[in-house]
Visitor: 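Right, I'll just put the structure down here and ask away after.
No hydrogens, no waters, no symmetry mates; every other heavy atom, side chains included, goes into these values. These figures come from a predicted structure and were not determined experimentally.
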Amino acid sequence: MPGRVEGKVAVIVGGGQTPGISMGNGRATAITLARQGAKVVVADFRVESAEDTVKMIKDEGGDAIALFVDVTKEDTVKELMTNAAAHYGSIDLLHNNVGASLSIGDAPATEITEEAYDRSLALNLKGMLFTIKHAMPYLRESKGSIVNISSMAAKHEYPRVGYKTTKAAILALTEHVAAANAQYGVRANAIMPGKINTPMAVEARVGTGRQRDEVIAARDKMIPLGGKMGTAWDVANAALFLHSSDASFITGISLPVDGGESLMGGAG
């Protein structure tokens with residue numbers, strides 16, 4: 001049977017990942033979409049990591065290429081979309097996965113530096129606007145889909161202001177893009193992951209001197225559904241649904257993927 005995104009061209013922005021034991025959301029989404037028939041452009045600042053994702057896809061018989069992008073530089077974003085469309089002939093799915101907090105100096109509002117806050121805005125928010133802006137002509141032509149990765153931090157307590165602010169702003173950005181482009185058949189939705197066992201979430205905290213087992217145990221115990229964090233595959237499967245025709249009448253939503261943590265008043 002054909003896959004749920006068979007023949008679609010998907011651009012995964014942030015499809016590599018930071019080093020770590022577990023798998024990141026962007027890589028898992030790239031692999032999942034490829035398994036379901038998409039041709040995948042894996043874009044990342046770390047091209048070597050993007051190439052690792054491409055190898056995983058090709059080893060399973062999928063079709064993928066790796067391209068460089070620095071989402072804080074609009075010219076490289078425009079070049080990414082031009083090259084992706086030139087290689088595969090169109091862009092049908094745009095998946096925005098780039099985001100960071102601890103690793104870029106994020107801190108509470110009373111402690112964050114101007115430079116760190118500017119980095120948060122540029123990487124987590126402005127970069128997403130750039131990718132949408134330059135993918136949109138292709139997405140309007142293909143009546144495509146956008147999925148933006150936000151966070152449950154947008155809705156709940158989170159100790160660092162840059163991540164909290166930008167992830168909340170992504171929800172407004174998604175709603176704006178969905179409303180403005182519905183007439184063209186373009187859908188835009190957001191996913192709000194909760195506690196997910198990814199390198200960005202775990203390794204950054206281990207890097208502050210905490211033991212990995214301690215970090216994982218502390219996060220696991222906050223999850224009512226099964227008592228464990230989710231994995232990148234949970235986020236990837238939600239993205240697959242939103243990108244597929246199964247969600248053809250869904251736009252402008254923000255989907256929690258958090259194992260029920262938000263029901264218990266948990267932090268993002």
Visitor: Taking Thr32 for the side chain and Asn237 for the main chain, is one N or O donor matched with an acceptor at less than 3.5 Å?
Guide: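 No: the side chain of Thr32 does not pair with the backbone of Asn237.
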
Visitor: Hey, are Lys195 and Asp258 close enough for a salt bridge, meaning a charged N less than 4.0 Å from a carboxylate O?
Guide: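 No.
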
Visitor: Identify whether the distance between the nearest side-chain nitrogen and carboxylate oxygen of Lys73 and Asp75 falls below 4.0 Å.
Guide: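 No.
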
Visitor: Would you say that Lys143 contacts Tyr184 through its side chain, given a criterion of any heavy-atom pair below 4.5 Å between the two side chains?
Guide: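 Lys143 does not reach Tyr184 side chain to side chain.
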
Visitor: Examine Leu129 and Val71 and state if one hydrophobic cluster contains both, with Ile, Leu, Val, Met, Phe, Trp and Tyr joined whenever side-chain heavy atoms are less than 4.5 Å apart.
Guide: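 Same hydrophobic cluster.
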
Visitor: Could you grab the distance from atom CZ of Arg160 to atom OG of Ser101, nearest 0.5 Å is fine?
Guide: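 If we round to the nearest 0.5 Å, Arg160:CZ and Ser101:OG are 5.0 Å apart.
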
Visitor: Evaluate the criterion side-chain contact (heavy atoms from CB on, under 4.5 Å) for residue pair Leu102 and Asp106; output intermediate values, then yes/no.
Guide: CA-CA 5 Å; Leu102 280 168; Asp106 201 3; over 6 Å; no

Visitor: Treating Ser245 as the side-chain partner and Ser248 as the backbone partner, does any N or O pair qualify as donor plus acceptor under 3.5 Å?
Guide: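 No, because the side chain of Ser245 does not come within donor-acceptor range (under 3.5 Å) of the backbone of Ser248.
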
Visitor: Lys155 and Ser262: side-chain contact (heavy atoms from CB on, under 4.5 Å), yes or no, with the steps?
Guide: CA-CA 9 Å; Lys155 297 289 189 179; Ser262 56; over 6 Å; no

Visitor: Within a strict 4.5 Å, meaning less than it, do heavy atoms of the Thr165 and Tyr117 side chains meet?
Guide: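 Sidechains of Tyr117 and Thr165: in contact.
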
Visitor: Let me have the donor-acceptor pairs involving side chains of residues 225-236, under 3.5 Å, with sequence neighbours excluded, atom names and distances please.
Guide:
{"unit_1": "Thr231", "atom_1": "OG1", "unit_2": "Trp233", "atom_2": "N", "d": "3.2"}
{"unit_1": "Asp234", "atom_1": "OD2", "unit_2": "Thr231", "atom_2": "N", "d": "2.8"}

Visitor: Hey, is Glu74 close enough to Lys126 for a salt bridge, meaning N to O under 4.0 Å?
Guide: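 Between Lys126 and Glu74 there is no salt bridge, as every charged N stays at least 4.0 Å from the carboxylate O atoms.
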
Visitor: Taking the side chain as everything from C-beta on, heavy atoms only, tell me whether Asn181 gets closer than 4.5 Å to Arg187.
Guide: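 Sidechains of Arg187 and Asn181: no contact.
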
Visitor: Grouping I, L, V, M, F, W and Y whenever their side-chain heavy atoms are under 4.5 Å apart, do Ile170 and Ile253 come out in a common cluster?
Guide: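 Different hydrophobic clusters.
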
Visitor: Is any side-chain heavy atom of Met192 closer than 4.5 Å to one of Leu255?
Guide: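 No; the side chains remain at least 4.5 Å from each other.
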
Visitor: With a 4.5 Å cut-off on side-chain heavy atoms, are Arg140 and Met136 touching?
Guide: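 Yes - at least one pair of side-chain heavy atoms lies under 4.5 Å apart.
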
Visitor: Among Ile104, Ile112, Asn124, Thr72, which residue satisfies the side-chain contact (heavy atoms from CB on, under 4.5 Å) criterion with Arg119?
Guide: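 Exactly one pass, corresponding to Ile104.
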
Visitor: At their closest point, which heavy atom of Gly7 faces which heavy atom of Asp92, and how far apart are they?
Guide: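 Shortest heavy-atom contact: O-OD2, 4.2 Å.
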
Visitor: Minimum heavy-atom separation for Val42 to Ala30, with atom names?
Guide: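 Val42 and Ala30 have their closest heavy atoms at CG2-CB, 4.3 Å.
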
Visitor: Assess, by modelled atom type and distance only, whether the side chains of Ser49 and Arg27 contain a donor and an acceptor separated by less than 3.5 Å.
Guide: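 Side chains of Ser49 and Arg27: pair found under 3.5 Å.
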
Visitor: For residues Thr251 and Ala188, report the shortest heavy-atom separation together with the two atoms involved.
Guide: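 Closest pair (atom of Thr251, atom of Ala188, distance): OG1-N, 3.0 Å.
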
Visitor: Determine the minimum heavy-atom distance between Ile191 and Ala239, stating which atoms define it.
Guide: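 Here Ile191 and Ala239 meet closest at CD1-N, 3.5 Å.
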
Visitor: Tell me whether Val186 is reachable from Ile132 by hopping between hydrophobic residues (I, L, V, M, F, W, Y) whose side-chain heavy atoms are closer than 4.5 Å.
Guide: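 Linked within one cluster.
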
Visitor: Check for a donor-acceptor pair, side chain of Thr198 on one end and backbone N or O of Asn25 on the other, with a separation under 3.5 Å.
Guide: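 Such a contact is absent between Thr198 side chain and Asn25 backbone.
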
Visitor: Within this structure, what is the CZ-CE distance for the pair Arg219 and Met222, rounded to the nearest 0.5 Å?
Guide: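 Spacing of CZ (Arg219) from CE (Met222) equals 8.5 Å.
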
Visitor: Determine whether Lys8 and Lys39 make a side-chain contact, defined as any pair of heavy atoms from C-beta on separated by less than 4.5 Å.
Guide: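 No, every pair of side-chain atoms sits at 4.5 Å or beyond.
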
Visitor: Less than 4.0 angstrom from a charged side-chain N to a carboxylate O is my criterion; do Arg212 and Glu203 meet it?
Guide: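 A salt bridge links Arg212 with Glu203.
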
Visitor: Which atom pair, heavy atoms only, marks the closest approach of Ala34 to Ile57?
Guide: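 Heavy atoms of Ala34 and Ile57 come nearest at CB-CG2, 3.5 Å.
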
Visitor: Answer yes if the side chains of Tyr158 and Ser151 hold a donor-acceptor pair under 3.5 Å, and no otherwise.
Guide: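 Looking only at side-chain atoms, Ser151 and Tyr158 do not form any donor-acceptor pair under 3.5 Å.
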
Visitor: From Ile31 CD1 over to Asp59 CG, what is the distance, rounded to the nearest 0.5 angstrom?
Guide: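 Going from CD1 on Ile31 over to CG on Asp59, the span is 10.0 Å.
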
Visitor: Can you measure from CD (Gln36) to CG (Leu33) and round to the nearest 0.5 angstrom?
Guide: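 Result: 8.5 Å between the selected atoms.
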
Visitor: Backbone N or O of Ser120 within a donor-acceptor pair of the Thr166 side chain at under 3.5 Å?
Guide: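 It does not hold such a pair.
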
Visitor: Are Val77 and Phe68 connected in a single hydrophobic cluster, I mean Ile/Leu/Val/Met/Phe/Trp/Tyr linked by side-chain heavy atoms less than 4.5 Å apart?
Guide: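 They do not share one cluster, since no chain of ILVMFWY contacts under 4.5 Å joins Phe68 to Val77.
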
Visitor: Which heavy-atom pair separates Ala247 from Phe241 by the least distance, and what is that distance?
Guide: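 Where Ala247 meets Phe241 most closely, the heavy atoms are CB-O, 3.3 Å.
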
Visitor: Hey, does the side chain of Asn97 reach the backbone of Gly14 with a donor-acceptor pair shorter than 3.5 angstrom?
Guide: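 Indeed, once roles are kept as given, a pair shorter than 3.5 Å links the two residues.
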
Visitor: Treat each ILVMFWY residue as a node, draw an edge where side-chain heavy atoms are under 4.5 Å apart, and state whether Val5 and Leu94 are in one component.
Guide: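 Val5 and Leu94: separate clusters.
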
Visitor: I want to check something: taking the side chain as every heavy atom from C-beta on, are Val11 and Leu93 in contact at a cut-off of under 4.5 Å?
Guide: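 No, too far: nothing below the 4.5 Å cut-off.
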
Visitor: To the nearest 0.5 angstrom, please state how far the CG atom of Leu123 sits from the CE atom of Met128.
Guide: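 It is 9.0 Å, given to the nearest 0.5 Å.
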
Visitor: Assess the residue pair Thr174 and Asn148 against the criterion (side-chain hydrogen bond (donor to acceptor under 3.5 Å, both in side chains)); give the C-alpha distance rounded to whole Å, side-chain angles, the decisive distance to 0.1 Å, and a yes or no.
Guide: CA-CA 7 Å; Thr174 302; Asn148 298 323; 2.9 Å; yes

Visitor: Is it true that atom NE2 of His87 has more than 12 heavy atoms of other residues, nucleotides or ligands lying nearer than 6.0 Å?
Guide: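 More than 12 heavy atoms, drawn from other residues, nucleotides or ligands, come within 6.0 Å of this atom.
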
Visitor: Run the numbers on Val41 and Ile12 for side-chain contact (heavy atoms from CB on, under 4.5 Å), then give the verdict.
Guide: CA-CA 6 Å; Val41 177; Ile12 314 297; over 6 Å; no

Visitor: Is there side-chain contact between Thr53 and Asp44, with at least one heavy-atom pair below 4.5 Å?
Guide: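 Of all side-chain heavy-atom pairs linking Asp44 with Thr53, none is under 4.5 Å.
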
Visitor: Does a side chain donor of either Tyr88 or Asp63 reach within less than 3.5 Å of an acceptor in the other side chain?
Guide: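 The answer is yes; a qualifying pair exists.
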
Visitor: Side chains of Glu261 and His156: donor-acceptor distance under 3.5 Å anywhere?
Guide: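 Looking only at side-chain atoms, His156 and Glu261 do not form any donor-acceptor pair under 3.5 Å.
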
Visitor: For the atom pair OG1 (Thr76) and CG (Asp70), what is the distance rounded to the nearest 0.5 Å?
Guide: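 It comes to 5.0 Å.
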
Visitor: Run Ile149 and Asn96 through side-chain contact (heavy atoms from CB on, under 4.5 Å) and show every step you take.
Guide: CA-CA 6 Å; Ile149 299 300; Asn96 281 311; over 6 Å; no

Visitor: Please check if atom CD in Gln183 has more than 12 non-hydrogen atoms from other residues, nucleotides or ligands closer than 6.0 Å.
Guide: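 More than 12 within 6.0 Å, yes.
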
